[in-house]
Amino acid sequence: MIDIKFLRENPDVVRASQKGRGESVELVDQILASDEIKRAAVNEFELLRQEQNVLSKSVGAAKGDEKNALLANAKELADKVKAADTKRAELEEQTKQLIIQLSNLLDTDAPIGGEEDFVTIEHVGTPRDFTKDGFEPKDHVELGKLLGAIDTERGAKVAGSRSYYLTGAGAMLEFALVNYAIQSALKNGFTPVIPPVLVNPAAMEGTGFLGQAAENVYRIEKDDVYLVGTSEVPLAAMHMDEILPADKLPMRYAGYSSCFRREAGTYGKDTRGIIRVHQFDKVEMFSFCKPEEAKAEHQRLLQWEKDFLIAMDIPFRVIDVASGDLGSSATRKFDIEAWIPTQGAYREVTSTSNCTEFQARRLNIRYKDADGTKAIATLNGTLVAIPRMIVAILENHQNSDGTVNVPAALQPFLGTAKLELV
RNA sequence: GGAGGAUUCGCAUAGCGGCCGAGUGCGCACGCUUGGAAAGCGUGUAUAGGGAAACCUAUCGAGGGUUCAAAUCCCUCAUCCUCCGCCA
């Protein structure tokens, strides 16, 4: 949620931001208009209420005829107050519904444009030359079968499309990746968290996943709860309606959870393998920090993501995601894309967003220092999303016979330097 | 799933129609006292909106209702605790 005061004072900045995202500019003017009549209604209500409070007090003190006379007045006034209150509530709700549609302000450094207009910031590592190695790389589905690591056929049989089993080496890879991730996160000052994945509407709404993103969310209608698509949701909502002490900031959480995504509208995409699935596990980094620290924290999250890929010895590039492709909460977003040999392309494996105070304002999370209470900033970043990381590891580190070399960093957790055929 | 109890200012509580935005204790902050500290004493100590300020308005789990007036009465919901049942 955008700060309404900021919007009143800087409507042009907000208009420019909406334009950059390819979203409604008129919305800004609708909000300003609605806000103005709302404020008038609030004022009217408050004046009437004040009058009523005074009158009520005098009723209490009065006796006999005097009291009866005052009561007649008070009754009439009570009706007026009620009417004014109803009007005020309606206008407040209307204004809120409009404001909530507004996306976060773009970072002025974010590239403008659509999905294709990202800016590549850097390349790290060099894609392996399989021709030089003398063999044609197998894709992760084939490798997964040879290693007894991934079973998409039975996944489909039991749970439908985009479902899979991780078995044997596949399951062990997940445990190793998670353990390595949590160990790194601990070193970087994160508190490890296993959050609820079934959350209430307030948590989902507050984190901004019931807007445009709603159709990708699983809902359990009978109990009015949602399955989260990322632990960002329970991690952000963890401090909903709280005021955090400034000296505890930044507060960093590393959440490990299953993530559920309907993947509506992606029918043609990535139908093979486990790049795009309905359920996967992920270790997510989440930070609460002072707004003035947010940019630097964003860079730190990005660095930790890069460190992970480097430790996995996987070539990747970092892209600065363009305005039209940002989530509504993000002011700026960096994706890390790993090289996938059989696709001859870089594919997103992690992503980090700076949500500044936008998400915190919706969730009513603030911090307090000597100067008072202020909105806090929130940021999130993927440390490791298991299936995509498994894809990257298998494909990049495969040998001609289908065995796979384990990155040195994972070896202690996996207990082997090589995944063998079954 | 059934029965009962609870939810008030950081914590613990008081309040059960107007004197209550709300008392007390603890905690915390500042000051006095002290050689220093403890104790003691004094002052202050929620959030949001409006206003230059004085101050006004809202909030006593959430929402609705009764009333001139609700922390206080009624209804619905949520959460927590205790007991019973059921299950791992």
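Below, chains carry the letters A, B, ... as their sequence lines are ordered, and counting in each starts from 1. Note that these values count all heavy atoms, side chains included, but never hydrogens, waters or copies made by symmetry.
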Using whole Å, report how far CG of D85(A) lies from P of G64(B). 9 Å
How many Å lie between CG on D241(A) and C1' on A78(B), as a whole number? 14 Å
To the nearest 0.5 Å, atom CG of N405(A) lies from atom CG of L410(A) at 12.5 Å
List, with names and distances, any nitrogen or oxygen atoms from the protein found under 3.5 Å away from nitrogen or oxygen atoms belonging to nucleotides 16-18 of chain B.
{"unit_1": "G18(B)", "atom_1": "N2", "unit_2": "S56(A)", "atom_2": "O", "d": "2.7"}

Between A69(B) and G65(B), how far is it from one C1' atom to the other, in whole Å? 15 Å
Working to the nearest 0.5 angstrom, can you tell me the gap between R261(A) CZ and T230(A) OG1? 6.0 Å
Got a list of side-chain donor-acceptor pairs under 3.5 Å for residues 193-202 of chain A, not counting sequence neighbours?
{"unit_1": "N200(A)", "atom_1": "OD1", "unit_2": "A202(A)", "atom_2": "N", "d": "3.3"}
{"unit_1": "N200(A)", "atom_1": "OD1", "unit_2": "A203(A)", "atom_2": "N", "d": "3.0"}

Once you apply a heavy-atom cut-off of 4.0 Å, does Q52(A) come out as touching a base, just sugar-phosphate, or nothing? sugar-phosphate
Which nucleotide, if any, forms a Watson-Crick or G-U wobble pair with C28(B), using both distances under 3.5 Å? G44(B)
Base-pairing mate for U13(B) - Watson-Crick or G-U, with both contacts under 3.5 Å: G23(B)
Kindly list each side-chain donor-acceptor pair under 3.5 angstrom involving residues 43-56 of chain A, sequence neighbours excluded, with atom names and distances?
{"unit_1": "R49(A)", "atom_1": "NH1", "unit_2": "Q52(A)", "atom_2": "OE1", "d": "2.8"}
{"unit_1": "S56(A)", "atom_1": "OG", "unit_2": "Q52(A)", "atom_2": "O", "d": "3.2"}

Residue list, salt bridge (Lys or Arg N to Asp or Glu O under 4.0 Å) with R15(A), at least two apart or on another chain: D12(A), D29(A)
With both distances under 3.5 Å as the test, what is the Watson-Crick or G-U wobble partner of G63(B)? C75(B)
Side-chain polar contacts of residues 241-249 of chain A - donor-acceptor pairs under 3.5 angstrom, sequence neighbours left out - could you list them?
{"unit_1": "D241(A)", "atom_1": "OD1", "unit_2": "N364(A)", "atom_2": "ND2", "d": "3.0"}
{"unit_1": "E242(A)", "atom_1": "OE1", "unit_2": "H239(A)", "atom_2": "ND1", "d": "2.8"}

Mate of C83(B) across any strand shown (Watson-Crick or G-U wobble, both atom pairs under 3.5 Å) is G2(B)
Between U7(B) and A14(B), how far apart are the P atoms? Round to whole Å, please. 8 Å
Distance in Å, M389(A) CE paired with L173(A) CG, rounded so as to fall on 0.5 Å steps: 11.0 Å
Could you go through residues 414-422 of chain A and list every donor-acceptor pair under 3.5 Å that involves a side-chain atom there, pairing it with any protein atom two or more places apart or in another chain?
{"unit_1": "T416(A)", "atom_1": "OG1", "unit_2": "K418(A)", "atom_2": "N", "d": "3.2"}
{"unit_1": "T416(A)", "atom_1": "OG1", "unit_2": "K418(A)", "atom_2": "O", "d": "3.0"}

Answer for the Watson-Crick or wobble partner of C68(B), both distances under 3.5 Å, is G18(B)
Write down the distance between NZ (K82(A)) and C1' (A70(B)), rounded to a whole number of angstrom. 13 Å
Using a strict 4.0 Å threshold on nitrogen-to-oxygen distance, state whether D151(A) and R154(A) make a salt bridge. yes
Using the P atoms only, state how far C60(B) lies from G10(B), rounded to an integer number of Å. 14 Å
When rounded to the nearest Å, what value does the distance between C1' atoms of C41(B) and A54(B) take? 31 Å
Separation between the C1' atoms of U66(B) and C75(B), rounded to whole Å: 11 Å
Pick base, sugar-phosphate or nothing for K80(A), based on heavy-atom distances below 4.0 Å to the nucleic acid. nothing
Base contacts versus sugar-phosphate-only contacts with protein, heavy atoms under 4.0 Å: please encode nucleotides 46-57 of chain B as B, S and - from 5' to 3'. SSSBS-----SB
Rounded off to whole Å, could you give me the CG-to-P distance for the D79(A) and G65(B) pair? 13 Å
Residues at least two apart in sequence or cross-chain that pass salt bridge (Lys or Arg N to Asp or Glu O under 4.0 Å) with K295(A), listed by chain then number, are D107(A), D109(A)
Under a 3.5 Å cut-off for both contacts, is A39(B) paired Watson-Crick or G-U wobble with anything, and if yes, with which nucleotide? none
On a whole-Å scale, what distance lies between the C1' atoms belonging to C20(B) and U8(B)? 11 Å
Ignoring hydrogens and angles, write down the donor-acceptor pairs under 3.5 Å from the side chains of residues 2-10 of chain A, residues two or more places apart or on other chains.
{"unit_1": "D3(A)", "atom_1": "OD1", "unit_2": "K5(A)", "atom_2": "N", "d": "3.2"}
{"unit_1": "R8(A)", "atom_1": "NE", "unit_2": "D35(A)", "atom_2": "OD2", "d": "2.6"}
{"unit_1": "R8(A)", "atom_1": "NH2", "unit_2": "D35(A)", "atom_2": "OD1", "d": "3.2"}
{"unit_1": "R8(A)", "atom_1": "NH2", "unit_2": "D35(A)", "atom_2": "OD2", "d": "3.4"}
{"unit_1": "N10(A)", "atom_1": "ND2", "unit_2": "F6(A)", "atom_2": "O", "d": "3.1"}

Nearest-Å distance once atom C1' is located in both C73(B) and C87(B): 41 Å
Spacing of the P atoms in C28(B) and A39(B) (rounded, Å): 10 Å
Pair assignment for U34(B), Watson-Crick or G-U wobble, requiring both distances under 3.5 Å: none
